[in-house]
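Notes for the one structure printed next.
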Amino acid sequence: MFTTSFTRIFDVEHPVVCGGMTAVGTADLIAAVANAGALGFLSALSQPTPEALAEEIARCRSMTDRPFGVNLTILPTLKPVPYEDYRAAIIDSGVGIVETAGSNPAPHLHAFAAAGIKVIHKAVSVRHALKAEKLGVDAVSIDGFECAGHPGNDDVPGLVLIPAATRKLPIPVIASGGFADGAGLAAALALGASAINMGTRFVASTEATVHENVKRQITFNDERSTQLVFREFNNTARVARNSISERISEISALPNATFDDVADLASGVRGRQKVLAGGDVDAGLWWAGQSQGLIDEILTCEEIVTSTVNQAHDLIVNRLPQLTGAIR
């Protein structure tokens, strides 16, 4: 239905992406995204070892014959991560597409290129996207301020950030942050993007392996139901608003506060075990974007992708041309 530089380069049916999400990007979800004609990314670091990642890649491949990728997020951690070993697992498993995020992907790009792997790098600013393009990535996914996760500190929303990026980048740009339906896809294409990335929308899917309480909470929440945390520590993150996020915000605002003061509340293990697995949506931090305000029901990945593409097509082919006719 839509042919863009993204769909051509990555051999994907629809210009829709489910980027890597820690503890959410498993084979169950990503295979379903792929079978729906979109491009999904397994989360490498959701797997405890490189060997486990190789097994998860194989499991995903047994569930779909369509393209899918692996996300490798490069961040400073208390416990060193064997990134080279995870990279080797990706290459040895024959994965064709990698999404990098976090720190500079340069140390990994030569090995991926040598293996014929296409790389999409996630960025939160035009300057970072341009740097990634110069390093040789094949596409950039750019996160507007509305996104879940880490939007950076520039606070530029997608309506400005996306066209600012597409005007300067010769490679495909995937619009990310605030997308959950076909109107968003149509808008992103109008702004020059070649695809959209939806994260929170796919968390509220039938196939996502998170507790049903989390999915239902997303459908109950509105566009105000997020909170920015860690800004005082130069690591701004957007999460679902709950008692934990509000407590972290209160502590962080105190004079001389440090991350150690909120580390226990902010624990990723706590969020994964108590919220995503246990279903207590008020027991830890969990990622969600402002797009919660656009999500009213839990759907299958097939329903999400099909409705998104069909709505976008209807807007572009039917509704918008009527507006130009009315002007004449």
Side-chain angles (χ1 to χ4, degrees), residues 1-2 4 6-7 10 12-22 24-26 28-43 67-69 71 97 99 101 120 122 124 139-151 157-159 161-162 172-189 191 193-210 214-215 218-219 221 223 225-226 238 240 286-313 315:
M1 190 174 292
F2 291 104
T4 69
F6 166 83
T7 61
F10 297 97
V12 179
E13 183 179 358
H14 301 303
V16 176
V17 176
C18 173
M21 294 183 284
T22 302
V24 180
T26 65
D28 307 86
L29 173 62
I30 301 311
V33 169
N35 287 332
L39 178 62
F41 289 91
L42 297 172
S43 170
F68 66 89
N71 168 280
I97 309 169
E99 178 188 63
I120 299 170
K122 296 191 74 172
V124 296
V140 167
S141 179
I142 194 153
D143 278 340
F145 184 57
E146 305 92 334
C147 72
H150 296 280
L159 191 61
L161 185 62
I162 295 161
V173 172
I174 301 163
S176 182
F179 295 98
D181 57 20
L185 173 56
L189 295 174
L191 294 174
S194 296
I196 59 168
N197 172 56
M198 299 192 295
T200 305
R201 172 65 273 192
F202 280 116
V203 176
S205 69
T206 303
E207 295 90 348
T209 54
V210 302
V214 175
K215 301 177 188 183
I218 290 173
T219 67
N221 285 348
E223 67 279 1
S225 302
T226 71
R238 186 181 299 283
W286 53 285
W287 307 112
Q290 292 180 327
S291 61
Q292 288 179 112
L294 304 174
I295 302 169
D296 299 320
E297 56 185 335
I298 301 166
L299 300 172
T300 67
C301 289
E302 177 69 32
E303 290 170 331
I304 291 170
V305 174
T306 299
S307 63
T308 296
V309 173
N310 286 346
Q311 184 189 18
H313 184 267
L315 285 169

According to side-chain hydrogen bond (donor to acceptor under 3.5 Å, both in side chains), who are the partners of [X], at least two apart in sequence or on a separate chain?
{"X": "S291", "value": "none"}
{"X": "Q292", "value": "N221"}
{"X": "T22", "value": "none"}
{"X": "T200", "value": "none"}

Original post:
With sequence neighbours left out, which residue pairs that include part of residues 175-188 fulfil the salt bridge (Lys or Arg N to Asp or Glu O under 4.0 Å) condition?
Top reply: none

With sequence neighbours excluded, tell me which residues meet side chain to side chain contact (heavy atoms under 4.5 Å, CB included) with [X].
{"X": "I298", "value": "T206, E212, K215, R216, T219"}
{"X": "L189", "value": "F2, T4, L185, I316"}
{"X": "C147", "value": "D143, P151"}
{"X": "T209", "value": "T26, D28"}

Original post:
Who passes ring-ring contact (aromatic ring centres under 6.0 Å, His included) against W287, sequence neighbours left out?
Top reply: H150

Original post:
With sequence neighbours excluded, what pairs up with F6 under the ring-ring contact (aromatic ring centres under 6.0 Å, His included) test?
Top reply: F10

Side-chain touch [X]/[Y], heavy atoms, less than 4.5 angstrom:
{"X": "I295", "Y": "V203", "value": "no"}
{"X": "F202", "Y": "V17", "value": "no"}
{"X": "N310", "Y": "M1", "value": "yes"}

**OP:** May I have all residue pairs that pass ring pair (Phe, Tyr, Trp, His ring centres under 6.0 Å) and include part of residues 288-311, sequence neighbours excluded?
**Re:** none

Original post:
Going from CD on E207 to CG on L299, what distance comes out if it is rounded to the nearest 0.5 angstrom?
Top reply: 10.0 Å

Subject >> Separation of E99 CD from L39 CG (nearest 0.5 Å) >> reply: 8.5 Å

Original post:
Just checking, any donor-acceptor pair under 3.5 angstrom between side chains of S307 and E303?
Top reply: no

